[in-house]
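Worksheet: the structure to be examined is printed underneath.
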Amino acid sequence: MSNNMIKGIRQLIFWFVILAAWQLLAWVYGPEILPGPIDTAKGGYELLQDGTLLSYIGISSYRVLLGWTLGSLIAIPAGLIIGKVNAVRAIAEPFLNFIRFIPPIAFITLFLVWFGIGETSKVALILYATFFIVVLNTLTGVLSVEEDKIRSARSMGASEWQTVLHVIIPATVPYMFTGVRLAMGTSFMAIIGAEMIASNEGVGYLIWNSRLFFRTDWIFVGLICLGLMGFLTDRAVALLGRKLLSRYGVVSTQALRR
Amino acid sequence: MSAAPQTNGIYIEQLNKSFSQPGAGELHYIIQDVNLTVKGGEFFILLGPSGCGKSTLLGLIAGFVSKTSGQVMVGEREVESPGQDRAVVFQQADSSLFPWLNVRENVEFGLRMKRMPATMRREISDRYISLVGLAGHEQKFPRELSGGMKQRVQLARVLSNDPAILLMDEPFGALDAMTRRTMQRELVNIWRKTNKTVIFVTHDIQEALLLGERIGIMSAGPSSRITDIYDVPLPYPRDLSEPEFHRLHNRIQEHFDD
């Protein structure tokens, strides 16, 4: 038997045990407290039938992807500048280290006041969640470029600008990528919080709103969707990184841990 | 100086590099009162114990390190910053090569910075890649190469910019003994073919005697200086078993015995 097959069988057994334990506990405590896998599947089917589940997944993913893309696009150049220009770093670094301890969720009320109840406030929240992680990682990357690389470029006639473009940026790509990937996870957490508090659609809304109908099975459906969305986007980002950026040393397929 | 300075000669007068320890107030010299003239086309060795400031002196000539006082001239020009006339081969190929570029792209780096057209770049990189014996490996990335091959890439990379001066900082220090001998032999061949001025830093007396026309002995730091200069009147390729080789080896060894 090949190694992969053994691994696959182990995984299968593992998931079966989890499901069995879950079902067992559900029988013990009753479906109102803990809906089992069967009830959850029924609830999920129900939500799929009337189309809410897919539209909620769609709207949550859209918010995350838009805010995350915008956040990354702003954060990468910002991180490069902060890392490269000492005067800017001296001012920006204490501020970054202060603000990164404020979780995105804490800003929800303010963002609602500033950007309104609509999509803008949610996208802005994701943008915020993404921005600081990507800036800090890019900045770390710029600071870890080996001095020898910069020196050798300079003594081969590269100008300051060429050194940034042809040495510092390519050498920092793995750090940017790590930041972008970590930010994806944080974005999912932020969007759920935002949707719970201020939204009429989305997976977070589903989880929060189900309490009104005492539909704990729907909550479970929402939780499983979240796990799957996070897992799949992370894998997609990792795959894209491996395909497009392997030249820059982005090779890891391992899930990142925070 | 009796004759007019040669454009590829190096003229160092009363050179000092010091730093003041915060709080202590007094100056600490890394190198003190260094005077040295290296003729154009000469193979000059800087020999000294670890930590004696050889690399600092090389960095001062390269323009990476700023001097405290004195003069470093290349030809008639004062050294103020790194320049294409002074190529540097670093001790660690891993930290100085660009891992996101393959062998050919690494070798063409300086030419690309000069915006040389691709066909001309190709011609030059072909010439130097085969000169260092890497023909057939053009598409490989640094991580796919052995230590000796990486140092060959470094050598081809600097030679393709046609610098007047080669500054080499223990480039073979990390190689195994056999690869090292091969590289030493080939460096001598390349030097004789290209007629560059070479300053080669090492702490290995045998290596110094195999390569150099003259050997400058640096005293142990701090306040390191060039204490003696030996002429090596042996023809190339050098023969380890020759009595004169042994005699010189023993004489130089005496400097480091106490």
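Proteins get letters first, then strands, A, B, ... in listed order; numbering begins at 1 in each. Quick caveat: nothing in here was measured; it's all calculated off a predicted structure.
Scanning both residues, S155(A) and F64(B), for their nearest heavy atoms gives OG-CZ, 4.0 Å. W100(B) approaches P170(A) most closely through the heavy-atom pair CE2-CB, 3.2 Å. The minimum heavy-atom distance linking R247(A) with R143(B) is given by the pair O-NH1, 4.5 Å.
There is no contact between V145(A) and chain B, counting heavy-atom distances below 4.5 Å. For R157(B), the parts lying under 4.5 angstrom from a heavy atom of chain A are both the backbone and the side chain. Of the two parts of D162(B), neither the backbone nor the side chain holds a non-hydrogen atom closer than 4.5 Å to a non-hydrogen atom of chain A. Contacts of S246(A) with chain B are made by backbone atoms alone, with heavy-atom separations under 4.5 Å and no side-chain atom involved.
For residues 146-154 of chain A, heavy-atom neighbours of chain B at less than 4.5 Å comprise E146(A), D148(A), K149(A), R151(A), S152(A), A153(A), R154(A), sorted by residue number. The stretch residues 109-137 of chain B places F109(B), G110(B), R112(B), M113(B), R115(B) near chain A, each with some heavy atom under 4.5 Å from a heavy atom of that chain.
Counting non-hydrogen atoms of other residues, nucleotides and ligands closer than 6.0 Å to CD of E76(B) gives a total of 12 or fewer. For F115(A), the CZ atom sits in a packed shell: over 12 heavy atoms of surrounding residues, nucleotides or ligands are nearer than 6.0 Å.
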